[in-house]
Peer 1: 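Could you have a look at this structure, given as structure tokens, before my questions?
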Amino acid sequence: MDKLRQLYFDYVDTFKVDGKLPPMMELKRIHTALVVDNAKKIAAAEKFDAHTAEICTLAALLHDTGRYEQLKRYNTFKDSDSVDHAVFSHDIVKAKGWLDGLEAADREAVLKAVLYHNRRDLPEGMPPLMDTAAKCVRDADKLDIFRVLENQIATTDWRTDATAFWNLRYDLPPNPAVIAAIKEGWPVDYQNIRSLADFVLIQVGWMRNGLYFAASRRFARERGHYDYRRKFLLDLIGYDIAELA
Ligand SMILES: [Fe+2]
């Protein structure tokens, strides 16, 4: 694990300019460290065995490997304008041979957890270790994305700077199609995202149906992510997410 951490951070360091990572890349490096931390906390709370916990941690460390090269090459983190960053991450990890010393089952579990981390759904019938690693990374990632949204709201002039949230309107009520999907527990179709409220509601949907582990749901509550969104949407457009219940 230590050796792989070293390989990973040495790789990240290759993107430094004048001894510093560009700010957008630095945000990804911080995100990665926090996703690793979340994965460890989920593994501990769910009492994964030591080996499973290590595979989950490793997958968390590598899940966004491709973000640096994506930004360097395409100057965006938007997958639809560049590459699917999970595929990109998977391919880079594989090409670098970082996992070559692992048992085949462990290597495949890590690679697939990276590859599937941004998919709408996970394939059925994966081997148990792969399944656990994939679910753990997805939960750990979402938990940190909750933090990122709150950070984004706190640190940008999103009311005047439309690009803070991809030009989404902030003064529109939620799309009824989004509300319906969340109520029914269906994944939200990204086509239906028209407003900042819809965007925030997607994450409320994750908290209700999108987290696999009870520990992840507990962390989301304990960290105040649900209450934050409830207050935010009430203040923004007078919509109470308690109505979803
Ligand atoms: Fe990602």
Side-chain angles (χ1 to χ4, degrees), residues 4-5 7-9 11-12 14-15 21-43 55-96 98-99 108-123 126 130-152 164-166 187-188 190 193 199-200 202-203 205-207 209-213 216 219-220 223 225:
L4 283 161
R5 280 182 71 85
L7 287 169
Y8 177 78
F9 287 110
Y11 167 74
V12 174
T14 65
F15 293 89
L21 275 185
M24 300 283 280
M25 291 193 194
E26 180 62 17
L27 292 180
K28 286 296 170 195
R29 201 191 56 77
I30 293 167
H31 165 69
T32 295
L34 292 170
V35 173
V36 167
D37 200 49
N38 286 334
K40 284 183 184 165
K41 287 188 168 119
I42 293 167
I55 294 301
C56 290
T57 308
L58 190 50
L61 176 71
L62 302 178
H63 85 286
D64 267 351
T65 301
R67 285 302 201 181
Y68 308 92
E69 187 65 30
Q70 181 186 32
L71 191 75
K72 187 177 169 186
R73 252 191 236 184
Y74 304 99
N75 198 30
T76 182
F77 287 137
K78 210 171 167 192
D79 287 8
S80 54
D81 292 344
S82 55
V83 285
D84 179 327
H85 79 275
V87 174
F88 211 40
S89 300
H90 166 276
D91 292 353
I92 291 170
V93 170
K94 216 171 164 175
K96 295 274 175 200
W98 290 337
L99 305 177
E108 277 309 300
V110 173
L111 284 171
K112 290 295 189 296
V114 171
L115 182 63
Y116 298 149
H117 87 265
N118 66 343
R119 301 241 170 134
R120 206 187 79 172
D121 303 297
L122 280 176
M126 289 191 288
M130 186 185 288
D131 188 74
T132 301
K135 288 175 175 170
C136 184
V137 169
R138 287 161 68 94
D139 276 15
D141 194 22
K142 286 189 174 78
L143 282 169
D144 195 57
I145 293 170
F146 297 149
R147 174 194 65 85
V148 169
L149 172 75
E150 292 168 23
N151 203 40
Q152 184 88 342
F165 288 102
W166 309 279
V188 175
Y190 280 66
I193 304 305
F199 184 76
V200 172
I202 291 187
Q203 296 194 349
W206 291 353
M207 287 175 204
N209 307 295
L211 295 169
Y212 298 98
F213 297 107
S216 312
F219 294 148
R223 293 175 186 180
H225 296 314

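The residues of the chain are indexed from 1 along the displayed sequence. Order of appearance sets the numbers: ligands from 1, and atoms from 1 within every ligand.
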Peer 1: Looking at every non-hydrogen atom in both residues, tell me the closest pair between Cys56 and Ala133 and how far apart they are.
Peer 2: SG-CA, 3.7 Å
Peer 1: Could you pull out all residues at least two apart from His90 that satisfy ring pair (Phe, Tyr, Trp, His ring centres under 6.0 Å)?
Peer 2: none
Peer 1: Assess the side chains of His63 and Asn118: does a donor N or O sit below 3.5 Å from an acceptor N or O?
Peer 2: no
Peer 1: Find the distance between NZ (Lys28) and NE2 (His85) and round it off to the nearest 0.5 Å.
Peer 2: 6.5 Å
Peer 1: Think Arg119 forms a cation-pi with Tyr116, using NZ or CZ under 6.0 Å from the six-ring centre and within 45 degrees of its axis?
Peer 2: no
Peer 1: Assign the ring pair Phe15 / Tyr11 to parallel, tilted or perpendicular, where the plane angle (0 to 90°) is split at 30° and 60°.
Peer 2: perpendicular
Peer 1: So what's near the Fe ion (ligand 1), protein N, O or S atoms under 2.8 Å?
Peer 2: Asp64 OD1, His85 NE2, His117 NE2
